Asks: 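This is the structure I have questions about; it appears just below.
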Amino acid sequence: MEDLIIENNILKGCRENKLLRIVIPDGVKAVGDNAFRGLSKLFDVQMPKSLIHIGNGAFEDCSALAHIDLSNVSYIGERAFMNCKSLKETKLSDMLNYLCNNTFTGCVSLEEIHIPDNISYIGCECFKDCTLLSKLDMQGVMEIDSYAFENCRMLHNVCLPKTLSHIGQYAFSFCLNLETVTFMNRFTNIDETAFDNTLNVIFKAVQFSSAFSFAKERNNIIFKPSILHKDAIITDTQAIRRLTENGIMFMSRPSDDPGKSIIVFDTSQRNMILSIIGGNKNAE
């Protein structure tokens with residue numbers, strides 16, 4: 001406690017630059033900008049429930065820090081954990097609304113990250129050079145900004161949520177082991193450089209989606225039409241033939257009604273399918 005500099009419930013820093021462990025006392029609400037920056041021997045930080053704010057560069061270059069619980073923190077500043085090279089895991093708060101630029105850049109030991117539903121924005125270079133990051137889970141993100149996951153070499157499979165509207169420049173560039181990217185939103189805008197320097201990535205998405213158009217124009221992307229949000233109708237052989245001729249993606253199985261089949265397709269294609277086969281077909 002005597003090593004910490006605290007003013008008005010804000011932890012400004014410490015007097016001892018060789019600290020190994022820090023216990024932040026109850027009542028402290030914020031860690032100030034650059035408060036522990038460059039403490040290369042610091043490996044453990046215990047945070048009170050009262051702490052809700054972490055400033056810019058607060059733990060930048062704390063290269064021995066291996067774990068930190070951020071489950072009560074509602075704001076994390078730019079570069080807050082940049083180059084924390086030993087950081088293997090962290091828990092983000094449901095109260096966070098966005099992740100700033102360079103928050104976890106260069107965290108080369110970080111293996112997985114769960115991004116809570118309330119986080120709608122991932123900032124520039126947020127996870128850049130997290131070379132061991134292999135598991136990425138996000139549900140409510142609306143925008144992934146430039147270079148956000150560049151050089152995340154261990155990412156293999158990514159599922160992008162239906163909320164996602166934009167992927168910025170070079171966002172997944174140099175993700176050399178990226179195998180599949182699933183797009184739950186058929187209208188996600190993808191910057192032309194977002195997947196530069198990747199090899200034979202498979203895009204899984206609805207036919208005629210923005211991902212479909214993007215993949216058609218690039219040699220390093222393979223498009224695989226997928227049914228993401230299932231819908232079904234009962235129809236006949238002639239209608240199935242017309243859908244096939246128009247390149248519509250669907251699956252079919254026999255119906256209890258002789259001469260009829262149940263076709264299963266992505267719900268976003270329902271209006272297109274009905275315009276081709278005509279009429280209001282019965283739902284399954």
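FYI, side chains are in, hydrogens and waters are out, and symmetry mates aren't considered; it's all heavy atoms of this structure. Quantities reported herein were computed from a predicted structural model and do not represent experimental measurements.
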Asks: With L51, which of V31, L11, N72 fulfils side-chain contact (heavy atoms from CB on, under 4.5 Å)?
Replies: V31
Asks: Do N246 and M272 come within less than 4.5 Å of each other through their side chains, counting heavy atoms only?
Replies: no
Asks: Can you list every side-chain hydrogen bond (donor to acceptor under 3.5 Å, both in side chains) pair that touches residues 181-198, not counting sequence neighbours?
Replies: H166-N189, S173-N197, D191-T193, T198-N220
Asks: Any chance CE of M95 has more than 12 other-residue heavy atoms, nucleotides or ligands included, within less than 6.0 Å?
Replies: yes
Asks: Is there side-chain contact between M249 and D266, with heavy atoms separated by less than 4.5 Å?
Replies: no
Asks: Can you find a heavy atom in the side chain of V45 that is under 4.5 Å from one in the side chain of F36?
Replies: no
Asks: Testing the basics here: between L19 and E16, what is the closest heavy-atom pair and its distance to 0.1 Å?
Replies: CG-O, 3.5 Å
Asks: More than 12 foreign heavy atoms under 6.0 Å from CZ of F223: is that the case here?
Replies: yes
Asks: Applying side chain to side chain donor-acceptor pair (under 3.5 Å) between N102 and each of E78, R79, E125, K128, report the one that passes.
Replies: E125
Asks: Distance from C130 atom SG to E111 atom CD, nearest 0.5 Å?
Replies: 11.5 Å
Asks: Give the C-alpha distance, both sets of side-chain angles, the deciding distance and a yes or no for side-chain contact (heavy atoms from CB on, under 4.5 Å) between Y75 and I52.
Replies: CA-CA 7 Å; Y75 176 83; I52 58 173; over 6 Å; no
Asks: Output all residues satisfying side chain to side chain contact (heavy atoms under 4.5 Å, CB included) with N157, sequence neighbours left out; order by chain, then residue number.
Replies: E179, T180
Asks: With a 4.5 Å cut-off on side-chain heavy atoms, are V158 and F149 touching?
Replies: no
Asks: Indicate yes or no for a side-chain donor-acceptor contact from N118 to the backbone of D94 under 3.5 Å, with no hydrogens or angles considered.
Replies: yes
Asks: Of all residues at least two apart in sequence or in a different chain, which pass the ring-ring contact (aromatic ring centres under 6.0 Å, His included) check with F187?
Replies: none
Asks: Please identify which of these residues, T105, T103, L110, N151, meets the side-chain contact (heavy atoms from CB on, under 4.5 Å) condition with F127.
Replies: L110
Asks: Do S255 side-chain atoms and S261 backbone N/O form a donor-acceptor pair below 3.5 Å?
Replies: no
Asks: Could you state the interatomic distance from CE (M184) to OG (S268), rounded to the nearest 0.5 Å?
Replies: 10.5 Å
Asks: May I ask you to decide if G27's main-chain N or O and S50's side chain share a donor-acceptor pair within less than 3.5 Å?
Replies: yes
Asks: Are side-chain N/O atoms of N83 and D61 paired as donor and acceptor at under 3.5 Å?
Replies: yes
Asks: Measure across Y98 and I119 and return the closest heavy-atom pair with its distance rounded to 0.1 Å.
Replies: CA-CG2, 3.9 Å
Asks: Backbone N or O of N177 within a donor-acceptor pair of the H156 side chain at under 3.5 Å?
Replies: yes
Asks: Side-chain heavy atoms nearer than 4.5 Å, only ILVMFWY residues, links allowed to pass through others: does that put F208 and F203 together?
Replies: yes
Asks: For the atom pair CG (D3) and CD1 (I22), what is the distance rounded to the nearest 0.5 Å?
Replies: 8.5 Å
Asks: Are the side chain of S109 and the backbone N or O of L87 linked by a donor-acceptor pair below 3.5 Å?
Replies: no
Asks: Could you state whether L70 and I122 fall into the same hydrophobic cluster, counting links through intermediate Ile, Leu, Val, Met, Phe, Trp or Tyr residues with side-chain heavy atoms under 4.5 angstrom apart?
Replies: yes
Asks: Only one of L4, N9, I6 forms a side-chain contact (heavy atoms from CB on, under 4.5 Å) with V28, so which one is it?
Replies: I6
Asks: Under a 3.5 Å distance rule, please check whether Q269 uses its side chain to pair with a backbone N or O of I248 as donor and acceptor.
Replies: no
Asks: A quick test of your reading: do over 12 heavy atoms of other residues, nucleotides or ligands sit less than 6.0 Å from CZ of R242?
Replies: yes
Asks: Could you tell me which residues satisfy salt bridge (Lys or Arg N to Asp or Glu O under 4.0 Å) with D44, sequence neighbours excluded, listed by chain and number?
Replies: R21
Asks: Evaluate the criterion side-chain contact (heavy atoms from CB on, under 4.5 Å) for residue pair I54 and M47; output intermediate values, then yes/no.
Replies: CA-CA 11 Å; I54 294 178; M47 294 185 173; 3.7 Å; yes
Asks: If you take all heavy atoms of A211 and A205, which pair is closest and at what distance?
Replies: CB-CB, 3.8 Å
Asks: State which residues pass ring-ring contact (aromatic ring centres under 6.0 Å, His included) with Y147; sequence neighbours excluded, sorted by chain then number.
Replies: Y170
Asks: Examine distances only and state if a side-chain atom of D231 and a backbone atom of F265 form a donor-acceptor pair shorter than 3.5 Å.
Replies: no
Asks: State, to 0.1 Å, how close I233 and R270 come at their nearest heavy-atom pair, and which atoms those are.
Replies: CG2-NH1, 3.3 Å
Asks: With rounding to the nearest 0.5 Å, note down the distance linking CD1 in I144 to CG in L160.
Replies: 5.5 Å
Asks: Could you check if a side-chain atom of L132 sits within less than 4.5 angstrom of a side-chain atom of K88, using non-hydrogen atoms only?
Replies: no
Asks: Side-chain heavy atoms nearer than 4.5 Å, only ILVMFWY residues, links allowed to pass through others: does that put M154 and V108 together?
Replies: no
Asks: Would you say F172 ends up clustered with I221 if hydrophobic residues are merged whenever their side chains have heavy atoms under 4.5 Å apart, either directly or through other cluster members?
Replies: yes
Asks: Do you know which two heavy atoms are closest between D117 and Q139, and how far apart they sit?
Replies: OD1-CB, 3.0 Å
Asks: To the nearest 0.5 Å, what is the distance between CD (E60) and CG (L39)?
Replies: 12.0 Å
Asks: Check the pair L92 / I113 against side-chain contact (heavy atoms from CB on, under 4.5 Å), numbers first and verdict last.
Replies: CA-CA 8 Å; L92 299 178; I113 192 75; 4.0 Å; yes
Asks: Indicate the ring-plane relationship of F214 and F195, choosing parallel, tilted or perpendicular according to the 30° and 60° boundaries.
Replies: perpendicular
Asks: Considering the options I227, I262, I240, which one meets the side-chain contact (heavy atoms from CB on, under 4.5 Å) requirement together with F250?
Replies: I240
Asks: Who passes ring-ring contact (aromatic ring centres under 6.0 Å, His included) against Y121, sequence neighbours left out?
Replies: none
Asks: Is there a side-chain contact between I68 and F81 in this structure, where contact means two heavy atoms from C-beta onward sitting under 4.5 Å apart?
Replies: yes
Asks: Is there a donor-acceptor contact under 3.5 Å from the side chain of T163 to the main chain of V141?
Replies: yes
Asks: Would you say F59 ends up clustered with V73 if hydrophobic residues are merged whenever their side chains have heavy atoms under 4.5 Å apart, either directly or through other cluster members?
Replies: yes
Asks: Can you tell me how far the CD1 atom of I76 sits from the CG atom of N56, to the nearest 0.5 Å?
Replies: 11.5 Å
